[in-house]
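Numbered from 1 within each chain, the chains take letters A, B, ... in sequence-line order. Hydrogens, waters and symmetry mates play no part in the numbers below; they use all other heavy atoms, side chains included. This one's a predicted model, so the numbers in the text were calculated from it and none came from an experiment.
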There are 2 protein chains.
Amino acid sequence: MPKPQKHERVDRRVQRSRQLLQDALIAMMIEKGYEATTVQDIIDRANVGRATFYAHFADKETLLTSRLEDLRAFLIERQRQAPGLGFSLAMLEHARDHLPLYAAIVGRGGGSGAFVIQRIHATIVDLARRALQTLGMKGSPERRTLAAQYIAGAFMAVLTWWLDQAAKLPAEEVDGIFRTLVMRGLAAEVDAAAASRK
Amino acid sequence: MPKPQKHERVDRRVQRSRQLLQDALIAMMIEKGYEATTVQDIIDRANVGRATFYAHFADKETLLTSRLEDLRAFLIERQRQAPGLGFSLAMLEHARDHLPLYAAIVGRGGGSGAFVIQRIHATIVDLARRALQTLGMKGSPERRTLAAQYIAGAFMAVLTWWLDQAAKLPAEEVDGIFRTLVMRGLAAEVDAAAASRK
DNA sequence: TTCGTTAACGAATATTGTGTCCAAGAGTGC
DNA sequence: GCACTCTTGGACACAATATTCGTTAACGAA
């Protein structure tokens with residue numbers, strides 16, 4: 001793998017190859033989904049030699065990861081601006097702004113994009129943990145981790161559902177419902193009789 | 001694929017082959033995880049011919065699905081006995097009682113069992129929808145679906161985390177925390193100052 | 001117990017995708 | 001302009017999937 005020169009200088013050919021491959025992956029994901037996309041598809045689309053692919057990325061997964069770093073950076077920045085559950089609206093908007101891509105990840109009967117979803121999930125867990133810290137959650141670290149998992153799992157499910165509905169509802173409304181459910185739970189949503197019945 | 005005879009009679013050889021293959025899949029999943037298990041592994045373990053495998057199941061995934069029907073039936077039955085969020089404890093106990101299997105599904109860095117988890121997730125969504133009906137949730141069907149997705153996603157995340165911790169906490173405690181989070185939310189868990197800060 | 005039916009066998013084969021290698025040539029930065 | 005490094009393209013080894021088919025063995029109904 002070509003290594004970065006001293007002083008951060010990166011050979012223009014390297015930049016170009018990486019960019020072409022990343023763009024080609026996105027294009028192929030939209031076209032046939034992540035799982036169904038082969039390395040051959042990617043290098044054909046990028047118009048790059050096979051050996052070049054493996055010179056830069058160990059495999060398809062590594063290439064994906066390199067792309068997800070951008071998403072991660074974006075979310076962390078938005079979280080910084082709006083602490084707490086701020087990642088929620090940021091993520092929903094990001095998905096809406098790249099709807100074809102996200103639809104491909106989430107759609108196709110569900111099975112195809114499981115891996116990508118899992119990677120995003122992991123990022124959300126991290127953000128949720130930060131959120132809980134900001135909110136000053138009490139209890140043992142163990143319980144905080146559990147809560148972060150809870151939040152991230154719930155959010156990913158909501159996001160997935162929303163995208164499967166072609167993002168019909170406004171992102172702001174989904175964000176509101178999600179935050180309410182996280183903070184206040186279902187209690188307000190069910191009638192008193194059933195709630196007392198527990 | 002061999003078809004069932006009239007009057008539901010099924011050739012003993014068919015029963016035997018199916019059973020052997022299903023058992024072999026479970027055994028291999030425990031041994032090396034779902035993804036890592038190849039059709040070759042399964043037929044070796046089952047001591048069954050390659051062509052026989054494909055005579056009964058289109059692929060590895062179909063074989064798995066045939067096995068997951070059992071879990072589904074179990075959960076629906078338990079839900080019937082304890083309505084509401086009853087599936088939660090039932091599922092946790094089932095996982096605890098088959099810990100090696102579930103550990104293999106959920107563990108291994110997470111990537112390996114994504115597909116299996118997703119199948120279970122779909123079943124939980126169904127159960128959560130029933131739960132919301134039982135609890136008499138108000139609002140549009142759309143909102144109820146969203147809530148069901150929320151609950152299922154949150155539960156699967158909690159389950160996964162719990163199993164990754166080698167099921168250290170008692171199932172009953174995890175069930176309690178989960179149900180509290182779902183019904184009352186995080187409000188009680190964060191300090192007042194942070195909560196008001198929104 | 002017999003006998004027609006049906007499933008299992010297993011070995012060969014086509015197919016698809018991965019990841020490695022290398023010598024020749026082209027682009028880049030100094 | 002030159003030395004250096006990246007890209008190329010095709011060949012290759014390998015792993016796994018899925019299909020095919022003639023032969024053999026098990027089944028179950030009578």
Under 3.5 Å, is there any donor-acceptor pair linking the side chain of B/Arg13 to the base of C/dA8? no
A/Arg144 atom CZ, neighbour heavy-atom count above 12 within 6.0 Å: yes
A/Tyr150 and B/Phe155 aromatic centres sub-6.0 Å: no
Between P on C/dG10 and CZ on B/Phe53, what's the gap in Å once rounded to a whole number? 17 Å
When you measure from the side-chain N and O atoms of A/His56 to the phosphate of D/dC6, is any distance below 4.0 Å, counting only OP1 and OP2? no
Taking atom types as they are modelled, would you say the side chain of B/Arg50 forms a donor-acceptor pair with the base of C/dG10 within the 3.5 Å cutoff? no
Could you tell me whether B/Asn47 contacts a base, only the sugar-phosphate backbone, or nothing, with contacts defined as non-hydrogen atoms closer than 4.0 Å? sugar-phosphate
How many Å lie between CD on B/Glu35 and C1' on C/dT18, as a whole number? 16 Å
Please determine whether a side-chain nitrogen or oxygen atom of B/Thr52 lies at a distance below 4.0 Å from atom OP1 or OP2 of C/dC9. yes
In whole angstrom, what separates B/Arg16's CZ from D/dG28's C1'? 16 Å
Surrounding CZ of A/Arg184 (heavy atoms of other residues, nucleotides or ligands, distance under 6.0 Å), is the total greater than 12? no
Does B/Arg143 have more than 12 heavy atoms from other residues, nucleotides or ligands lying within 6.0 Å of its CZ? no
Would you indicate, yes or no, if D/dA18 has its OP1 or OP2 atom less than 4.0 angstrom from a side-chain nitrogen or oxygen of B/Tyr54? yes
Output the single nucleotide from D/dC6, C/dC9, D/dA25 whose closest atom is nearest the side chain of A/Asp11. D/dC6
So, is A/Arg12 close to the C/dG29 phosphate, meaning a side-chain N or O under 4.0 Å from OP1 or OP2? yes
Measure CD/B/Glu61 against P/D/dA16 and give the value in whole Å, please. 19 Å
What's the closest nucleotide to the B/Ala51 side chain, out of D/dT8, C/dG10, D/dA16? C/dG10
A/Asp41 CG - C/dT16 C1' separation (whole Å): 12 Å
Does B/Ser17 have a side-chain nitrogen or oxygen under 4.0 Å from the phosphate oxygens OP1 or OP2 of C/dA8? yes
Going through the checks in order, is the side-chain hydrogen bond (donor to acceptor under 3.5 Å, both in side chains) test met by B/Asp23 and B/Gln19? CA-CA 6 Å; B/Asp23 292 349; B/Gln19 193 65 51; 3.2 Å; yes
